[in-house]
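What you are looking at is a predicted structure, and each value in this text was computed from that prediction instead of being measured.
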Amino acid sequence: MCGIVGYVGRKSATPVLIEGLKRLEYRGYDSAGVAIIRDGQLHLCKSAGRIAGLEDRLEDHPELAAGMVGIAHTRWATHGAPTEENAHPHTDCTGRIAVVHNGIIENYAALKQVLEDKGHTFRSDTDSEVLAHLVSEFYRDDDGGDLPRAVQQALSEVAGTYGLAVVCADEPGMIVAARKGSPLIVGVGADEYIVASDASAIVEHTVNVIYLNDNEMVVIDEAGLRTLTIDNVPVSKQVQQIEWSLEQIALGEFEHFMLKEIFEQPEALRNSCRGRLNMREGRIQLGGIEHLSRELVKTRRIILTACGTAWHAGLIGEYLFEDLARIPAEVEYASEFRYRNPIIEDQTVVIAISQSGETADTLAALREAEHKGAMTLGVVNVVGSTIARETDAGVYLHAGPEIGVASTKAFTSQLTVLTLISLYLGRRRFMSETTLKQYMEELQAIPDKIETVLAQSDAIKQAVGACVDHDNWLFLGRGYNYPVALEGALKLKEISYIHAEGLPAAEMKHGPIALIAEGMPVVFVAPRCETYDKIIGNIEEVRARGGTVIAVATEGDDRIAQYAEHVFYIPDCPPALQPLLTVVPLQLLAYHAAVARGCNVDKPRNLAKSVTVE
């Protein structure tokens, strides 16, 4: 959940590293640091807080300005408070070796005790510092002064996960980097190489990248790049290209990335559908799973596994697969899946959903499913990510980079792809071509309909202003829109720090109705559907207890305005596609609430974008 950048080349490393950290700040932002090798010496600068604080500190360290090899890190704390001492890079006792690390070293306490017994002195409360001392222990015992070998020996002692980069003043032109369970890629430029946690730190310099797999490492020096396993077996890696541009990760005219990404949803959904809706022939084209179509048609059960917002997408996917493809489906928290000995029967398909394709819990669930013999599919946004590489097949979102910690366009793109897969299987199992074409036409119209919802942003902002001082909210929905209520509550919690709870609307009276007091905001996701009259009854129950009702309803529904203080409208569409529209007002509601409360929208406290630790 931290950000790593490393540089070897002919430029001054510090500006490249700092710019890379800024692009990775969504991965962690409670402390940062940089280590540069210059004139055979290791120079270090660290700071608690945001990267801007590190930049200020660097003005007092001109010795870091000219080195052409260095590593840097922006942290999301796991072990130890966000202090300067706990910030990366960490060094060994000699100050000659520096390490930046993302992940968790599970046996760090035992390793630390062994190293302390050997005379090592630790300065931080982190698990990561043990890596610097461990590499140093093997490096000084190695007569050849071989940094890659010392890293390999150190990692052979480690239990846990890591994406790491190591430099040593005694080998001043070299970076050694390795990964296990935490993403790491290498940008290959003209006479320069950039190691990073993801492509956003690289794309300004090159679009050519190498993706490291688990238990692989890369050694970069003035002679070039070589890849090998942790066990010292050479590996041949293919250079791939990043599919998006620097402009896509720029704010442009928007104040925050989250708002930008909310407004990018029409185009993101068009991209998710592009080339996949063959209207002339009346079929869905999904090249990523086409080679498994015969096996997929025989599917008897689907398990969707994910975390957070992606789990909410999976809940809607459960409705989609059972409704449109007539396949029994269930949704599992990835963090629980592998620990409860799940039952995987013949012809079970497990679908892993993740924006980054690197979510540690989801990846672990995926591997458990594979171990038990399931066919696995990935629904991810990042090309070349670990989940994309390890599944049997999959479908990319093509949503473009998502920088805001609170997911928006990735969520609606996940829904779009799950809809496409459901229709793809439904047509092959029972659905008529006429019905499929109707859904395809409706799906094509969704981006334009989202535009009409986005036009209500100012009205949503005004409504939020009247309710934002309340610290407890309820979000209620039924059917397809029950998971939307969960997602609306999560968004409000994530970025405004308002306590919110999402529920099936009928469950309110089974306990939570006790929470409703005068003025309490209750958000109803209430478009026209078969349960509309039921949810009107739930609205009346809230009004009778003095709650303030905010409703998301279908255009032309004048009735609901009699019961709600604020109504936001979506265009009419089939129930299966309603979540693509109903979630958008809730995203805007959360955004405007966070701004009104003075919160940091893109970097909410205690959260990071890509959760690569358990």
Side-chain angles (χ1 to χ4, degrees), residues 1-4 6 27-28 30-33 35 46 71-83 85-93 97-141 147-168 175-184 195 197 212-218 229-231 335 338 358-361 363-364 367 386 608 610-614:
M1 305 226 300
C2 307
I4 289 172
R27 299 180 66 95
D30 59 36
S31 60
K46 303 196 290 185
I71 55 177
H73 188 270
T74 180
R75 184 171 183 250
W76 186 86
T78 53
H79 294 70
T83 63
E85 291 77 14
N86 290 332
H88 299 220
H90 291 293
T91 59
D92 68 330
C93 294
I97 291 173
V99 174
V100 291
H101 168 238
N102 182 16
I104 291 180
I105 306 303
E106 295 170 0
N107 61 337
Y108 86 97
L111 291 171
K112 183 176 180 179
Q113 184 61 60
V114 170
L115 290 163
E116 286 179 330
D117 291 344
K118 291 186 175 185
H120 290 260
T121 301
F122 286 76
R123 295 178 290 272
S124 78
D125 300 318
T126 71
D127 58 328
S128 302
E129 188 185 356
V130 79
L131 292 168
H133 292 275
L134 199 57
V135 171
S136 175
E137 184 68 23
F138 286 110
Y139 190 77
R140 70 186 185 187
D141 286 346
L147 183 62
R149 183 177 174 186
V151 172
Q152 289 172 333
Q153 290 175 308
L155 294 179
S156 70
E157 303 291 328
V158 165
T161 60
Y162 51 80
L164 60 86
V166 186
V167 293
C168 177
I175 289 179
V176 179
R179 76 156 283 178
K180 180 183 178 183
S182 188
L184 210 62
V195 177
S197 300
L212 294 184
N213 293 323
D214 278 356
N215 299 308
E216 289 182 349
M217 61 186 291
V218 60
T229 69
I230 302 302
D231 298 322
S335 56
R338 70 167 172 155
E358 304 289 353
T359 309
D361 288 321
L363 188 54
R367 288 168 176 165
T386 304
S610 181
V611 185
T612 56
V613 296
E614 286 195 69

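To the nearest 0.5 Å, the span separating CD on E129 from CG on L115 amounts to 10.0 Å. Between the CG atom in N102 and the OG atom in S182 there is a gap of 3.5 Å [rounded to 0.5 Å]. Taken from OG1 in T229 to CE in M217, the straight-line distance is 9.0 Å, to the nearest 0.5 Å. A distance of 7.0 Å separates CZ in R75 from OG1 in T83, rounded to the nearest 0.5 Å. With rounding to the nearest 0.5 Å, the separation of CD in E358 from CG in L184 is 10.0 Å. Rounding to the nearest 0.5 Å gives a distance of 11.0 Å between OG1 of T74 and CD1 of I4.
A distance-only check finds a donor-acceptor pair linking the side chain of D214 to the backbone of G181 [under 3.5 Å]. Remark: the backbone N or O of D231 is not paired with any side-chain donor or acceptor of N215 at under 3.5 angstrom. Of the possible donor and acceptor atoms, one in the side chain of N86 sits under 3.5 Å from a partner among the backbone N and O of A81.
Scanning both residues, C168 and L147, for their nearest heavy atoms gives CB-CD2, 3.9 Å. Of all the heavy atoms in G33 and P89, the pair that sits closest is C-CD, 3.5 Å. Here the closest non-hydrogen pair linking A364 and R338 is CB-NE, 3.4 Å. The two residues S156 and Q153 come nearest to each other via the heavy atoms OG-O, 2.5 Å. The two residues A178 and L155 have their closest heavy-atom pair at CB-CD1, 3.7 Å. Heavy-atom minimum distance, L111 versus I105: CD1-CG2, 4.3 Å.
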>> Test side chain to side chain contact (heavy atoms under 4.5 Å, CB included) on T91 and R123; report intermediate values, then the result.
In response: CA-CA 9 Å; T91 59; R123 295 178 290 272; 2.8 Å; yes

**Study point:** Check against side chain to side chain contact (heavy atoms under 4.5 Å, CB included), H73 and C2
**Key:** CA-CA 7 Å; H73 188 270; C2 307; 3.3 Å; yes

Apply the test side chain to side chain contact (heavy atoms under 4.5 Å, CB included) to residues H101 and D127: give CA-CA distance (whole Å), side-chain angles for both, the deciding distance (0.1 Å), then the verdict.
CA-CA 9 Å; H101 168 238; D127 58 328; 4.1 Å; yes

Next on the checklist: Let's go through R179 and T386 carefully: what are the C-alpha distance in whole Å and the side-chain angles of both, what is the deciding distance for side chain to side chain contact (heavy atoms under 4.5 Å, CB included) to 0.1 Å, and is it a yes or a no?
Outcome noted: CA-CA 11 Å; R179 76 156 283 178; T386 304; 3.0 Å; yes

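A heavy-atom distance below 4.5 Å is not found between the side chains of D92 and V135. Contact of the V130 side chain with the H120 side chain is not registered, since no non-hydrogen atoms from C-beta on lie closer than 4.5 Å.
Below 30°, between 30° and 60°, or above 60°: for F122 and H133 the angle between ring planes is between 30° and 60°, a tilted geometry.
Inspection of the T126 and S128 side chains reveals no N or O donor paired with an N or O acceptor under 3.5 Å.
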